[in-house]
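Read through the structure below, which is laid out as structure tokens, and then see the notes.
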Amino acid sequence: MSDRRIRVRFAPSPTGPLHLGGVRTALYNYLFAKKMGGDFILRIEDTDQNRFVPGAEGYIIESLKWAGLNFSEGPGVGGKYGPYRQSERKEMYRQYADQLVENGNAYYAFDTNEELEEMRERMTKAGMSSPKYDHITREYMKNSLSLPKDEVEQRLKNGEHYVIRIKIPRNEEIKLHDVIRGWVTVKSAELDDKVLFKSDGMPTYHLANVVDDYLMQISHVIRGEEWLPSAPTHVLLYRYLGWEEVMPKFAHLPLILKPDGNGKLSKRDGDRLGFPVFTLNWNDPVSGELSSGYREAGYLPEAYINILAMLGWHPSDNKELFSMDELVESFTLERVSKSGAKFDFEKAKWYNHQYLKTKDNAYLANEFKPTLANYDVEVSDEYLQKVCGLIKEKATFLKDFWSLGSYFFLRPMHYDESVIAKKWDANCPAFFTAVNEKFKTTANFTAAELQVIYEQTATEMNLKPGNYMQLFRVLISGQAAGPAVWEMVEVIGKTETNIRIETAIEKFGVIGISVS
RNA sequence: GGUCCGUUCGUCUAGGGGUUAGGACCUCAGAUUUUCAUUCUGGUAACACGGGUUCGAUUCCCGUACGGACUACCA
């Protein structure tokens with residue numbers, strides 16, 4: 001069994017957009033598969049026809065694709081264990097449910113919702129803390145264990161609605177090994193007789209999951225912690241179906257929690273705190289509500305992956321920046337943490353910045369172009385690339401490029417008032433004019449040369465260069481902050497710089513009117 | 001309520017019976033004889049609590065507290 005091929009699956013249900021946590025689960029599955037030279041499979045768990053949301057499956061696939069989590073088997077790509085939608089596997093499950101009934105490990109139950117509700121109420125009133133359909137209560141319910149055989153047959157013959165429930169043993173210890181958490185032991189008396197097969201002819205998660213994992217030869221089940229409580233039931237299912245030998249290994253991942261306060265991260269938190277919780281924008285077909293996604297918010301897929309990877313997993317050293325290949329290289333399930341992680345949006349932004357500034361200028365220029373077109377700006381590729389090279393150092397997102405660097409394309413409309421008010425003095429017109437004249441005549445319009453000219457001029461006029469630096473920046477760009485001044489001026493170019501200096505001197509005049 | 005899982009700086013975490021408990025984000029201070037959202041340097045800041053075990057526990061064990069998940073003919 002140790003030489004078994006590693007096969008893992010990401011198995012979302014198509015009930016809505018993919019949450020951060022979902023992508024992280026997919027990522028860990030992917031990393032583990034790649035690391036082990038195995039297969040990463042996508043399986044759509046759409047056994048609940050009532051919760052089906054149109055577009056959700058396509059959304060999930062597009063999300064995975066964007067994030068670079070390519071699956072080798074699944075809807076759309078096929079594979080020899082297909083189909084990969086549970087709704088298309090419907091006929092496969094019944095026989096296993098029947099087998100369980102035949103072997104006495106499951107039974108028919110005819111109870112209506114009202115009857116189940118009644119039972120729970122009754123038990124609650126009787127002081128039972130957690131009413132459940134179990135080895136005690138099933139005695140009083142309508143099922144093939146409590147009813148006479150001929151009545152059961154009659155009911156089946158009449159086509160009465162029924163479900164098939166697992167028969168949990170009365171008093172057993174169920175042990176399961178979790179790769180992340182170690183041994184977990186549960187007493188069977190705490191479990192309930194879960195429905196395996198619904199009256200609509202579909203299996204529930206529990207049956208479908210076990211059957212499909214077996215049929216698809218899944219070696220490791222890597223899923224969210226919310227499944228841990230039902231894992232013992234799954235173990236029993238493998239046993240009763242005779243598949244214990246090839247039962248997958250389990251790894252239950254910790255949850256991603258709200259940044260503030262307590263609890264699981266939800267879409268509401270994102271709305272409240274101003275960050276996306278989904279991968280892509282999602283337009284809910286039912287409510288019409290639009291939710292923002294990381295892709296549209298300006299995140300680079302590499303950054304998104306890196307953020308998610310570090311949320312619940314950590315290498316033994318202090319390395320924080322990982323490419324997908326590096327993650328594959330160092331990932332192990334053993335190093336996944338046990339406790340939930342609060343999502344930190346500030347750190348997420350930091351990650352994006354880290355990746356953004358390593359992007360080459362040609363790529364950024366290309367991505368930035370459409371924005372420029374919106375403003376009717378036309379510049380050469382060469383110029384645009386230089387600009388990108390300067391502003392990427394300051395930017396968190398590509399979409400910030402315009403607000404950060406519009407002055408590279410348009411003359412300033414406004415000047416930072418506080419800087420003008422604070423720094424402009426009677427020496428300014430003469431000083432800036434002198435600097436400008438020298439700029440006009442220099443044959444070498446480079447950052448280094450410009451700085452020399454500027455400083456010499458100041459010294460000659462008995463002025464402190466530092467006093468007018470920020471002011472100079474504002475004259476050129478209108479903004480108080482930005483890239484290194486001289487590099488900025490070099491890129492903007494001689495002619496344009498001359499014009500901007502002259503315009504500003506004219507505007508602020510001899511005395512340095514306080515603006516406005 | 002019950003069952004299960006968890007608990008190291010504000011946050012993500014490394015570490016592990018004897019450490020100045022390390023890194024990153026955030027924050028603060030200095031630097032880049034100019035700004036800054038970049039970069040650099042430095043600082044503040046943590047082993048939930050109580051019992052054991054031990055020469056010694058943050059590390060192992062047990063309790064308590066707190067947090068989370070689950071408790072559907074949903075996944």
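Note that the coordinates shown come from a computational prediction; the quantities given were computed from them, not determined experimentally. As a basis for the values below, the full set of heavy atoms in this structure was taken, side chains included, without hydrogen atoms, waters or symmetry mates.
The closest donor-acceptor contact from the side chain of Ser199(A) to the backbone of Val163(A) lies at 3.5 Å or more, if one exists at all. Between the side chain of Asp111(A) and the backbone N or O of Leu116(A), no donor-acceptor pair lies under 3.5 Å. Looking at Arg89(A), its side chain does come within 3.5 Å of a backbone N or O of Pro83(A) through a donor-acceptor pair.
Across all strands, Gln354(A) comes closer than 4.0 Å only to sugar-phosphate atoms, never to a base (heavy-atom distances). The residue Arg335(A) sits close only to the backbone: its heavy atoms come under 4.0 Å of sugar-phosphate atoms, none of a base. Note on His353(A): only backbone sugar-phosphate atoms sit closer than 4.0 angstrom, heavy atoms only; bases stay farther off. The residue Lys357(A) sits close only to the backbone: its heavy atoms come under 4.0 Å of sugar-phosphate atoms, none of a base. Within 4.0 Å of Gly224(A), counting heavy atoms only, lies no atom of the nucleic acid at all. When heavy atoms are screened at a 4.0 angstrom cut-off, Val163(A) is found touching base atoms of the nucleic acid. Contact annotation for Ala341(A): backbone-only contact, meaning every heavy-atom pair under 4.0 Å involves sugar-phosphate atoms and none involves a base. Among the atoms of the strands shown, none is found under 4.0 Å from any heavy atom of Asp134(A). Looking at heavy-atom distances under 4.0 Å, Thr47(A) makes contact with sugar-phosphate atoms alone, never a base.
Distances from the side chain of Leu255(A) to the nucleotides A69(B), G23(B), U38(B) place A69(B) closest. When distances are taken from the side chain of Leu228(A) to each of A37(B), G68(B), C5(B), the shortest belongs to C5(B). Closest to the Val485(A) side chain, of the nucleotides U3(B), C25(B), U34(B), is U34(B). Out of U38(B), G6(B), C73(B), the shortest distance to the side chain of Glu393(A) is found at U38(B). Comparing atom distances between the Ser316(A) side chain and each of U3(B), U34(B), G15(B) picks out G15(B) as nearest. Side-chain proximity of Glu346(A) to U3(B), C26(B), U39(B): nearest is C26(B). Nearest to the side-chain atoms of Glu320(A) among the listed nucleotides U13(B), A37(B), A24(B) stands A24(B). The side chain of Arg51(A) has C74(B) as its nearest neighbour among C74(B), A37(B), A69(B). The side chain of Ala481(A) sits closest to U35(B) out of U39(B), C25(B), U35(B). Closest approach to the Glu190(A) side chain among C5(B), G2(B), A75(B) is made by G2(B) (side chain taken as heavy atoms from C-beta onward).
Taking 3.5 Å as the limit, the base of A24(B) and the side chain of Lys347(A) contain a donor-acceptor pair of atoms between them. In the interface, the side chain of Ser199(A) is paired with the base of C73(B) through a donor and an acceptor atom under 3.5 Å apart.
In summary, Lys187(A) and Glu190(A) do not engage in a salt bridge, as defined by a charged side-chain N under 4.0 Å from a carboxylate O. Ion pairing between a basic and an acidic side chain is recognised when a charged N comes within 4.0 Å of a carboxylate O; Lys319(A) and Glu326(A) show such pairing. Using a 4.0 Å cut-off between a side-chain N of Lys or Arg and a carboxylate O of Asp or Glu, Arg272(A) and Asp260(A) qualify as a salt bridge. Salt bridge annotation for Lys347(A)-Glu320(A): present, with a cationic side-chain nitrogen under 4.0 angstrom from a carboxylate oxygen. Salt bridge Glu487(A)/Lys386(A): absent, no basic N to carboxylate O contact under 4.0 Å. Asp98(A) has a carboxylate O that lies under 4.0 Å from a charged side-chain N of Arg94(A), or vice versa, which qualifies the two as a salt bridge. Ion pair Glu225(A)/Lys338(A) not flagged as a salt bridge, since none of the NZ, NE, NH1 or NH2 atoms sits closer than 4.0 Å to an Asp/Glu carboxylate oxygen. Looking at Asp269(A) and Lys267(A), no side-chain N of the basic residue comes within less than 4.0 Å of a carboxylate O on the acidic one, giving no salt bridge.
Separating the OH atom of Tyr355(A) from the P atom of U38(B) is a distance of 18 Å, rounded to the nearest angstrom. Between Glu173(A) atom CD and C4(B) atom C1' there is a gap of 14 Å when expressed in whole angstrom units. Between the C1' atom of U13(B) and the CH2 atom of Trp313(A) lies a distance of 12 Å, rounded to the nearest Å. Atom C1' of nucleotide G67(B) and atom NZ of Lys258(A) are separated by 13 Å, given to the nearest angstrom. Spacing between atom CG of Asn209(A) and atom C1' of A75(B) amounts to 10 Å, rounded to whole angstrom units.
The gap from the P atom of U53(B) to that of A14(B) amounts to 31 Å, rounded to the nearest Å. Comparing the P positions of A45(B) and G22(B) gives a spacing of 11 Å, expressed to the nearest Å. If you take atom P in C62(B) and the same atom in U7(B), they sit 14 Å apart, rounded to whole Å. Rounded to whole Å, the separation between the P atoms of C26(B) and A37(B) comes to 11 Å. Atom P of G30(B) sits at a distance of 44 Å from the matching atom of A69(B), rounded to the whole Å. Comparing the P positions of U8(B) and A48(B) gives an interatomic distance of 6 Å, to the nearest angstrom. With both ends at atom C1', the span from A46(B) to U19(B) equals 15 Å, rounded to whole Å. Of the C1' atoms belonging to C4(B) and C60(B), the separation is 22 Å, rounded to the nearest Å.
Pair assignment for U19(B): none, as no Watson-Crick or G-U wobble contacts are both less than 3.5 Å. The partner of U71(B) is G1(B), judged by Watson-Crick or G-U wobble contacts that both fall below 3.5 Å. The partner of U53(B) cannot be assigned: no Watson-Crick or G-U wobble pair with both contacts below 3.5 Å exists in any strand. Nucleotide U34(B) is matched to nothing when pairs are restricted to Watson-Crick or G-U wobble geometry with both distances under 3.5 angstrom. Under the Watson-Crick or G-U wobble criterion, with both distances below 3.5 Å, U64(B) is paired with A48(B). Pair assignment for U58(B) gives none, since no Watson-Crick or G-U wobble pairing has each distance under 3.5 Å. In a base pair of the Watson-Crick type (N1 to N3 plus N6-O4 or O6-N4) or a G-U wobble (N1-O2 and O6-N3), with each distance short of 3.5 Å, A29(B) is matched with U41(B).
Distances shorter than 4.0 Å separate none of the side-chain N or O atoms of Lys319(A) from OP1 or OP2 on A24(B). At the phosphate of C70(B), neither OP1 nor OP2 sits under 4.0 Å from any side-chain N or O atom of Lys132(A). In terms of phosphate contacts, Arg43(A) brings no side-chain nitrogen or oxygen within less than 4.0 Å of OP1 or OP2 of A75(B). OP1 or OP2 of U13(B) lies within a sub-4.0 Å distance of a side-chain N or O belonging to Ser337(A). Taking side-chain N and O atoms only, Gln451(A) has no distance below 4.0 Å to OP1 or OP2 of U32(B).
Side chains of Asn352(A) and Tyr304(A): a donor-acceptor N/O pair is absent below 3.5 angstrom, by distance only.
With RNA chain B read from its 5' end, the first of the two nearest nucleotides for Gly340(A) and Asn113(A) is the one closest to Gly340(A). Between Ala109(A) and Tyr351(A), it is Tyr351(A) whose nearest contact on RNA chain B lies nearer the 5' terminus.
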What N/O pairs connect the protein and nucleotides 8-10 of chain B at under 3.5 Å? Give each pair on its own line.
none

